[in-house]
Structure formats: C-alpha cells, structure tokens
Amino acid sequence: RDPVASVTVGGATTYYADFAEAWGATNSATGAVTLKLLQDVSGITTSLAYTNAQNCTLDLNTHTLSGTVSKLIDVNASGKIFTIDDSSTAKGGRISLSRSTNGRIYGIYITAGTVKLEHGTIYCKNTSTGSSAGATAVYVTVTQTFTMEDGAVESESRTSSFAIYASDAGTTTITINGGLVKGHTNYGKTAIGIYTKAKGLTVNGGKIIGHAWTNTSYGIYLYGGSATLNGGIIEATNDTISNNGTTTAYGIYVRYSSSTYKAVLTIPSTSTVVVLAKARTNTAFAVVVSASSTGSLDRKSGSAGMPRP
C-alpha cells in the first residue's frame, strides 16, 4: 500500500502505510518530531492522545484527518509545543470531527502543553439536538496555551457551539494573531467565537465570529478573567427572522459574577480592533458589561458598530 503518513526525527524519515503505527511512532520519538499526512485519514474512532515529552509538528499537507470520537486529538505534553501546520501551497489541510451525540465533543483538547495553529483548519460539528449536546473546536484547560497565527478554528452545532473555550479561573494563554475563529449554531442554543473564564486572552488580528440562527450569539464572551484587544475584527451575527426575545447579538459580552470570576476587558488607545454586532429582528450590542456585575472596561478605542440588518 502507498504510505498514508511519514514521521521525521533528526532528519531521518520513515514512511507508514498504517496511520495508527505512524501516530505511535510520533508518540515514542526521542527528539522533535514531524508527522506528515500523505493521504486523507478518516474513520478515527479512538482519541489520538499526544503524550510524548517532545515538540511535535503535525503537517496536514493539504489532507484531512477526521474521526467520530468525543476528542479527536488530546494534547497532554506539559511544557511542549504541538504545532499544526500545512506545508502545501494550498494550505487546505483539515482536522475534522463530526458526530451526533448528546454530549460535548472536541476537535483539539489541550490537557497539558501548548498548541500552535500555523495553517490549516480545526473543525468540530455535532448534529445532535440533545439538551447536553455541543461542539467545541479547541478546548484549553487551565494554565495551558493556545496560539493561532493563521488558518481557521470552527465549530458547528444544532445546540451550543464554541469555537474556542478556556476553562475555569486561572491563567490560560490564548493568543490570536490571525485567521478565522467562528462558532456557529443553526438550531436553538448559543454560538460563541471565544468563551473564556481565564486570564490571558490577547487578540492581535484575525476575525472572531459568533453566528446563530435562533438564539444568542457572542463574538467574545468574557466570563471573568481578562482580555486585551490590540487588533482584529470581533463580530456577532444573528439571522433569525422570529421575534424570540433571546435572539440577541453581542460583539463582546463582559460578565463579572464573583470574586473568583473577575472580568477585565482592555482595549488600548493604539488598538485597531473593530467590534460589530448584527441582528435581523432583535437587539444587537457591540460591547456589553453585564448589568448585574461590577466588571470594568479599562479603555475603549478603535471602532464599535451595530450595522443595520
């Protein structure tokens, strides 16, 4: 059979006809390792856990890595960097998780370490209408790191949808320098581009979108923690034509709920960020600080708008 992937360590490359063997070799490499896709890989039914104490690059090489598990890739490599890149000219590589289950599913789950997206797309879709169903493309646990240079991070669900989710209070570093972050739902719950309870969100560029058809959308939902916006476009869009009062679009929503979840949004005077909110029939807000809280907005500059539907 033709090889599906190659593994390179220290300049030596080995080719594999079986992806499971290639993944195993990546996890056991004794130096910095590159796993390169040579064909599309589909039908993954067991979560791909990366636990090696080595830096790793997953080169999608314009191919698709796809599965139907609850967590497609679980990075658990404390102090190490797991880079997702695409060396092809087209930059069309994808990590794609699609499943129907009454539970949350994750494209990339960062248990420990740093994940860096250079190029390619991380896509997560849940088609279940169950009350506990949802999709999260990138989930960052407390004290871990996600950095995005380019590419796309997208979630799609008939229920709640989070493109990027940072869990619980503490310091979790999320840096967006470019690319597209989009949470989308087309049924009855919430769509959020980035949801964070932690300190350490920095947006320097790119576009962050929350897009909902029949419920509330948020570009960024800051539930405690801190965010600094130096550039980029933050957008919330609601396309419903109903008069459902819950169908509100928030470009940025800041919520301070307790001493544990203290919310601070900083937009420096030099920022070029643009914040947009669009709703077809109901309310749209560019920036909201929750009325039940004492959250703070340090300084706002740049542009904030609510375009006509």
Side-chain angles (χ1 to χ4, degrees), residues 104 124 126 133-140 146 148 152-168 172 174 176 180-198 200-203 206-229 232-240 244-257 261 263-267 273-293 295 297 300 302-307 309:
R104 186 156 297 281
C124 184
N126 192 341
T136 300
V138 174
Y139 186 92
V140 190
F146 176 71
M148 182 172 176
V153 174
E154 299 183 61
S155 62
E156 183 175 351
S157 178
R158 297 192 71 192
T159 53
S160 57
S161 177
F162 304 85
I164 299 174
Y165 188 110
S167 69
D168 224 333
T172 297
I174 299 175
I176 310 298
L180 172 67
V181 176
K182 183 177 181 180
H184 170 71
T185 181
N186 58 4
Y187 193 64
K189 289 196 176 180
T190 302
I192 300 178
I194 298 178
Y195 178 96
T196 179
K197 295 180 178 180
L201 170 62
T202 302
V203 179
K207 190 170 187 177
I208 300 167
I209 301 174
H211 178 256
W213 279 98
T214 60
N215 210 300
T216 307
S217 61
Y218 303 86
I220 293 176
Y221 193 123
L222 187 63
Y223 188 105
S226 63
T228 300
L229 309 182
I233 298 172
I234 318 298
E235 179 179 321
T237 304
N238 191 295
D239 289 326
T240 185
N244 183 345
T246 65
T247 57
T248 304
Y250 299 94
I252 302 171
Y253 189 88
V254 182
R255 180 178 178 182
Y256 177 116
S257 64
Y261 298 108
V264 179
L265 171 64
T266 302
I267 305 179
V273 69
V274 176
V275 183
L276 306 171
K278 300 184 286 185
R280 290 188 65 180
T281 58
N282 286 287
T283 310
F285 299 96
V287 179
V288 168
V289 177
S290 176
S292 62
S293 74
L297 177 61
K300 179 166 69 66
S303 301
M306 294 180 289

Which heavy atom in Ala263 sits nearest to a heavy atom in Val254, and how many Å separate them?
CB-CG1, 3.5 Å

Quick check: do Ile164 and Phe146 have side-chain heavy atoms less than 4.5 Å from each other?
yes

Quick check on ring-ring contact (aromatic ring centres under 6.0 Å, His included): which of Tyr139, Phe162, Tyr218 does Tyr195 satisfy it with?
Phe162

Got Tyr165 and Lys197 here, is their nearest side-chain heavy-atom distance under 4.5 Å?
yes

Determine, stepwise, if the pair Val273 / Ile267 fulfils side chain to side chain contact (heavy atoms under 4.5 Å, CB included).
CA-CA 8 Å; Val273 69; Ile267 305 179; 3.7 Å; yes

Atom of Gly183, atom of Ala191 and distance for their closest heavy-atom approach
O-CB, 3.5 Å

Which residues pass the side-chain hydrogen bond (donor to acceptor under 3.5 Å, both in side chains) test with Thr172, sequence neighbours left out?
none

Any donor-acceptor pair under 3.5 Å linking the side chain of Thr190 with the backbone of Ser160?
no

Side chain to side chain, Ile174 and Val140, heavy atoms closer than 4.5 Å:
yes

Donor-acceptor check, side chain of Thr159 to backbone of Ala133, threshold 3.5 angstrom: yes or no?
yes

Side chain proximity check, Ile220 to Ile208, heavy atoms < 4.5 angstrom:
yes

Do the side chain of Asn126 and the main chain of Gly134 share a donor and acceptor less than 3.5 angstrom apart?
yes

With no hydrogens and no angle check, just 3.5 Å: does a side-chain donor-acceptor pair link Arg104 and Thr136?
yes

In the structure I gave you, are the side-chain heavy atoms of Ile194 and Ile176 within less than 4.5 Å of one another anywhere?
yes

Min side-chain heavy-atom separation Val275-Val287 under 4.5 Å:
yes

Using a distance-only test with no angle check, is there a side-chain donor-acceptor pair under 3.5 angstrom linking Ser155 and Ser161?
yes

Do you know the tightest heavy-atom contact between Glu154 and Ala152?
OE2-CB, 3.8 Å

Give the minimum heavy-atom separation between Ala236 and Ala249, together with the two atoms involved.
O-CB, 3.8 Å

Derivation of the side chain to side chain contact (heavy atoms under 4.5 Å, CB included) call for Leu180 and Ile209:
CA-CA 8 Å; Leu180 172 67; Ile209 301 174; 3.8 Å; yes

Does the side chain of Thr216 reach to within under 4.5 Å of the side chain of Tyr250, using non-hydrogen atoms?
yes

Contact between Leu265 and Ile252 at the side-chain level, heavy atoms closer than 4.5 Å - yes or no?
yes

Nearest heavy-atom pair of Gly210 and Ser217: which atoms, and what distance?
O-CB, 3.5 Å

Using modelled atom types only, decide if a donor and an acceptor are shared between the side chain of Asn238 and the backbone of Asn215 within a distance under 3.5 Å.
yes

For His211, is there any backbone N or O sitting under 3.5 Å from a side-chain donor or acceptor partner on Thr237?
no

Locate the shortest heavy-atom distance separating Arg158 from Thr185; write the atom from each residue and the value.
C-OG1, 3.6 Å

